[in-house]
Amino acid sequence: MSSPASIPDKPALEGLEAKWGETWESAGVYRFDRTGRTRGDIYSIDTPPPTASGSLHIGHVFSYTHTDVIARFQRMLGKTVFYPMGWDDNGLPTERRVQNYYGVRCDPTLPYEPGFVPPFEGGDNKSSKAADQQPISRRNFIELCERLTVEDEKQFEAVWRILGLSVDWTQTYRTIGDDARAASQKAFLRNLARGEAYQADAPTLWDVTFRTAVAQAELEDRVQPGFYHRIAFTRPDGGQIEIETSRPELLPSCVALVAHPDDERYKPLFGTTVTSPVFGVEVPVLAHHLAQADKGTGIAMICTFGDVTDVVWWRELDLPNRAVIGFDGRFSGEAPAAITSDFGRDAYAQLAGKTVFSAKQTVVELLRSTGELLEDPKPVQHPVKFFEKGDRPLEIVSTRQWYITNGGRDPQLRERLIELGTEIDFLPDFMRVRYENWVRGLAGDWLVSRQRFFGVPLPVWYRVDADGNPLFEEFIVPDESTLPIDPSSDVPPGYTEDQRGAAGGFIGELDVMDTWATSSLTPQLAGGWDRDDELWNLVFPYDLRPQGQDIIRTWLFSTALRSLLEEGVKPWSHASISGFIVDPDRKKMSKSKGNVVTPAAMLEQHGSDAVRYWAASSRLGTDAAFDPQNPTQIRIGRRLAIKILNAAKFILGFDAETAAAIPAGRAAVTHPLDWSMLTTLDAVVATATTALTEYDHARALETTEQFFWNFCDDYLELVKERAYGTAGGEDGGQASAIAALRDALSTLLRLFAPFVPFATEEAWSWFADGSVHTVPWPVPGDVPESADAQLLTLASEALITIRRAKTDAKASQKTRVAQATIVGPLAQVELLQLAEADLRAVGRIEELGFGPGDALAVTHIELIPNEEL
RNA sequence: GGGCUCUUAGCUCAGUUGGUUAGAGCGCCACGUUUACACCGUGGAUGUCGGGGGUUCGAAUCCCUCAGGGCCCA
């Protein structure tokens, strides 16, 4: 970046990443300098913070390259680009990684152990058994989380730097960092103050492995094998009602039977009662429209709680709660009070303490013994709800949890969110539908409390009454100025530590927030919300939110929600959605399928420019197939990057002395063919600029690339003799060619710069000062009236015809031609004659004639045999 | 079951508001070592635009329908 460097004899891509990465960093090329800027000067990006505990895969490279191309384009347009990087390090994935990496697990009841050394380091990140993990205190556990994420983040940053992301590395944040915790807690407290956050004791989807509540956005259905059990309930008159259930173990928690209100078979029974088998509990028969007449026997039992429909029925039909499953996924020791018969209580005693699995077997045996299992269980495949990161079916337990309103129970808020979506330019546009579908399908408010450890603590305490019982409705909040806080170690205002847990004192909330509750605030975290007002006003609302399509329901939605609640406006004007990478069998790459490709080796093997080319060739929203064994697009990208270096070297090598005397730009251009090329290039500039402005990076790249290959294959060949100065004749012909070539080179390097930043920077350094990445994006230049793009096209066609004649004769392209005639429509031939000398030179034609004809063609070509050379 | 999306050359993909004979790259075949490039150059062959129906002077493009792939939601 100092004075122009000498051009290597043999340009190569190897080493460019390290060379330019260091130069860019030390020169601060991508630094966000807000001095004197106004909002209109800024282009701000709400970068996705990768999960620090995960591993980067080729899909990350794909989508982050899309963003970087836009960032570089906007920077060259003259915008000051706010392009920060965050690390999403809080949350369950980190906890799991720490457990496996260090062989530990968190037990909050244990005391802190200073100077703790974990059993080992560098576990293989495969799941290890809990029994093999050493229990440690929460504080020790969090220290290990902190230690490992810092290490992981260094490795991530190294990959991003090699890839050439034009991030300002002084603008980084961590979702577990002090500022992030403070902002997350502050936003929650403001939700609370405005009535948007609340706590409720309610049936909650619960993962028994991780022992935490989970939210709707974290659910997934998995088809599981199961059995339908046909069971008999008894009517007061002794008659039977048959139901089918996949969860007979929940029979002791049965609170009603339910059928569809229009179901003629059961209409007479509505309002009557029946008695449950084995446990002998009398329950009502009720009507509800969610009961499916065509499923099983058409009548179902309602238990507390087998699935989310049970919860709806329980709530809407105002039924009692007879929950039997505890937080550990086992049956509680005490039978529901409704079971009063000795037989029923004995039966329940056999279930107490059992897992769902073994309780099911026990209940089935009991039903067989009483003859109330009417037939052998029928195997079925049915969808079961799982926590997306879990591997045991979710249970539903009643617990006190914190919620944030999200429109799931508020039609007005829901409509505002949908309206907000219409104000955002989704790229591609159809992705908005996924957002709208999600908003419309919300079944309840957002459950944000998690019974985990490595997260942002919910910033509340609870008063304890005179008898030592916590008063959850009488919560205490900290002053904003004290954030971030940890209520399990910090003391609420007006209390002292010795009052913790004491009668008349307080207790701290132990739960942490859903990781999305923090990452939904990435615009705030990165943009200095309520911490750096000047920055915030410069970047918010952001220009761009790039992300993957798989997290529209989580990250995109929750960010839009928090922005609406906190600021009342959309968080960004554009949301660009990248597709994902599929393997050659069109299967999505994922860790569980074992088809993940890690980027570091790819970048090392092929070079960053090559990998970026591959990524940038795909449009937003489309999935890209990738075969690591045969990375065709990457090879093409590598070829392009090398070609850029070679072409630049070639162009800069033409008579350097003459070139030095030629003014930069187009002042010395006189030849019609040169003008033809430049006006064609101007059209490419216009197309590429429009495409990038519309976030169609693939089109910009394709257009530029196509021009570039034609430029090299035809124009460069046509003018090289003239540029060498060996063609002779025309006045200023050499200067014109050299000036046009240099002007085109400058333009092409800038057009390619967002896509292949390393090769373009290298070539730029051979003749110009400063970085190509901070020079102005090209604009179409001045051309004379007479400039005609058609001329270059015709000359290329003529050249191809001449080449074909030589190829057909199995002759070398440098074979001389004694005589040739080009025929074609008069206007074309007249135009083409303007390039006669260049055509003769490239074709080594001694005598070139022109004549009339229907279409452009070469006739009467007369090769001079080899031996006469 | 619902929503979205895709199906174009052997492969990966372009194809704009409907408009001549549907394109590119890779791969393949032939030729060529031309003073930037063998990580190269030149040229060539390659299609029932998933199937069917409709609208139109004209359909890869618009509409209907069917089939298949993918993602998300139930």
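Chain letters run A, B, ... following the sequence lines, proteins first and then strands; every chain starts at 1.
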Looking at A:R638 and A:E14, does any basic side-chain N land under 4.0 Å from a carboxylate oxygen? yes
So, A:K389 and A:E218, do they make that salt bridge, N to O below 4.0 Å? no
A:H289 ring center near A:H260 ring center (under 6.0 Å): no
Given the side-chain rings of A:F387 and A:W206, with only the six-membered ring counted for Trp, is the space between their centroids under 6.0 Å? no
Please, what dot-bracket string fits RNA chain B when only Watson-Crick and G-U pairs with both distances under 3.5 Å count, crossing ones use [ ] and pairs to another strand use |? (((((((..((((.....[...)))).(((((.......))))).....(((((..]....)))))))))))).
Between the protein and nucleotides 3-10 of chain B, list the N/O to N/O atom pairs that are separated by less than 3.5 angstrom.
{"from": "B:rG3", "atom 1": "O2'", "to": "A:N437", "atom 2": "ND2", "distance (Å)": "2.8"}

With heavy atoms under 4.0 Å as the rule, sort A:L645 into base, sugar-phosphate or nothing. nothing
For A:Q813, report the nucleic acid contact type (base, sugar-phosphate, nothing); a contact means any heavy atom under 4.0 Å. base
Which is more 5' along RNA chain B, the nucleotide nearest A:R699 or the one nearest A:R553? Just name the residue. A:R699
Would you measure the distance from the C1' atom in B:rU34 across to the matching atom in B:rG41 and give it in whole Å? 8 Å
Can you check the [X] [atom1] to [N] [atom2] distance for me, whole Å?
| X | N | atom1 | atom2 | result |
| --- | --- | --- | --- | --- |
| A:I577 | B:rC71 | CD1 | P | 18 Å |
| A:R638 | B:rC39 | CZ | P | 10 Å |
| A:D307 | B:rA74 | CG | P | 13 Å |

Tell me whether A:R432 forms a cation-pi arrangement with A:F426, defined as NZ or CZ under 6.0 Å from the six-membered ring centre and within 45 degrees of its axis. no
Check nucleotides 36-38 of chain B for protein N or O atoms closer than 3.5 Å to its own N or O atoms and list the pairs.
{"from": "B:rA36", "atom 1": "OP2", "to": "A:Y724", "atom 2": "OH", "distance (Å)": "2.3"}
{"from": "B:rA36", "atom 1": "O2'", "to": "A:N646", "atom 2": "OD1", "distance (Å)": "3.2"}
{"from": "B:rA36", "atom 1": "N6", "to": "A:E717", "atom 2": "OE2", "distance (Å)": "3.3"}
{"from": "B:rA36", "atom 1": "N3", "to": "A:N646", "atom 2": "O", "distance (Å)": "3.4"}
{"from": "B:rC37", "atom 1": "O4'", "to": "A:N646", "atom 2": "ND2", "distance (Å)": "3.4"}
{"from": "B:rC37", "atom 1": "O2", "to": "A:K643", "atom 2": "NZ", "distance (Å)": "3.0"}
{"from": "B:rC37", "atom 1": "N3", "to": "A:K643", "atom 2": "NZ", "distance (Å)": "3.2"}
{"from": "B:rA38", "atom 1": "OP1", "to": "A:K10", "atom 2": "NZ", "distance (Å)": "3.1"}

In Å, rounded to the nearest 0.5 Å, how long is the span from CZ of A:R553 to OG of A:S558? 11.5 Å
